[in-house]
Amino acid sequence: MKPRTKLQMEIVNGSRKLAPISEAQKRYAYKHCFVHYFKRDAKGNCCCLECGHTWRDKEDKKECRCPHCGMKLKLENSRKRTAIYKEYFCVITTYKQYQVIRFFMVDCRLKKYNPQIEMFARFKMKSSFHKTKRII
């Protein structure tokens, strides 16, 4: 969009001056946007996709807690070694007299049986400005 009016120019300049997403917001998005999974093979070996810890479980549970990191996990029935998840979340902030709703897409890639979890959280931003008389 090429800004043509004063209002559009102010919005475009405001979107450039917005602070980047903080580390606390990234952690919150990762922890609360995704369903956290574990994988089980045919022999009963379970692998937490959060910390990479493996353990042996003889019961066929659909949900459990990782003994290492304590995260509540759900079973994912798949033979794939990697998992790719994409989710959206939004952050509401203010800029001058505008309420700004920023939408982010989080892209997370996890690998099975790898203690160094490959987590690529890419945050793509799209902003929406709304003029308000009173900020709540």
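Taken together through direct or relayed side-chain contacts under 4.5 Å among Ile, Leu, Val, Met, Phe, Trp and Tyr, Tyr28 and Ile21 form parts of separate hydrophobic clusters.
By the 4.5 Å heavy-atom criterion applied to side chains, Thr5 and Gln8 are counted as neighbours. Annotation: side chain of Gln25 is in contact with side chain of Val91 (closest heavy-atom distance under 4.5 Å). A 4.5 Å side-chain heavy-atom check between Val100 and Leu18 finds at least one atom pair inside the cut-off. Taking 4.5 Å as the limit, some side-chain heavy atom of Lys43 sits within range of a side-chain heavy atom of Arg56.
Glu23 meets the salt bridge (charged side-chain N to carboxylate O under 4.0 Å, His left out) test with Lys26; sequence neighbours excluded. Take Lys74 and apply the side-chain contact (heavy atoms from CB on, under 4.5 Å) test, not counting sequence neighbours, and it matches Val35, Tyr37, Glu63.
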Show the numbers, then the answer: is there a side-chain contact (heavy atoms from CB on, under 4.5 Å) between Cys90 and Ile101?
CA-CA 7 Å; Cys90 67; Ile101 303 171; 4.2 Å; yes
Show your reasoning for whether side-chain contact (heavy atoms from CB on, under 4.5 Å) applies to Arg102 and Phe104.
CA-CA 7 Å; Arg102 301 193 307 169; Phe104 296 93; 3.7 Å; yes
Can Asn45 and Thr54 be said to form a side-chain contact (heavy atoms from CB on, under 4.5 Å), step by step?
CA-CA 7 Å; Asn45 296 324; Thr54 58; 5.9 Å; no
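In this structure a side-chain-to-backbone donor-acceptor pair under 3.5 Å is present from Asp41 to Gly44. With hydrogens and angles ignored, the 3.5 Å screen pairs a side-chain donor or acceptor of Arg65 with a backbone N or O of Gly70.
Atoms NZ and CD, on Lys31 and Glu50 in that order, are 10.0 Å from each other to the nearest 0.5 Å. Within the model, atoms SG of Cys47 and NZ of Lys39 stand 9.0 Å from one another, a figure rounded to the nearest 0.5 Å. Expressed to the nearest 0.5 Å, how far SG of Cys66 lies from NZ of Lys72 amounts to 14.5 Å. Distance check, rounded to the nearest 0.5 Å: CG of Leu7 to CD of Glu10 gives 6.5 Å. Annotation: the span from Cys64 atom SG to Arg40 atom CZ amounts to 7.5 Å, rounded to 0.5 Å. Going from atom NE2 of His53 over to atom SG of Cys48 covers 8.5 Å, rounded to the nearest 0.5 Å.
In plain terms, the two heavy atoms of Cys33 and Glu87 that are nearest each other are O-CG, 3.7 Å. Scanning both residues, Phe89 and Ala29, for their nearest heavy atoms gives CE2-CB, 3.4 Å.
In the hydrophobic clustering, Trp55 connects to Phe38, Met71, Leu73, Leu75, either directly or through intervening members, whenever side-chain heavy atoms lie under 4.5 Å apart.
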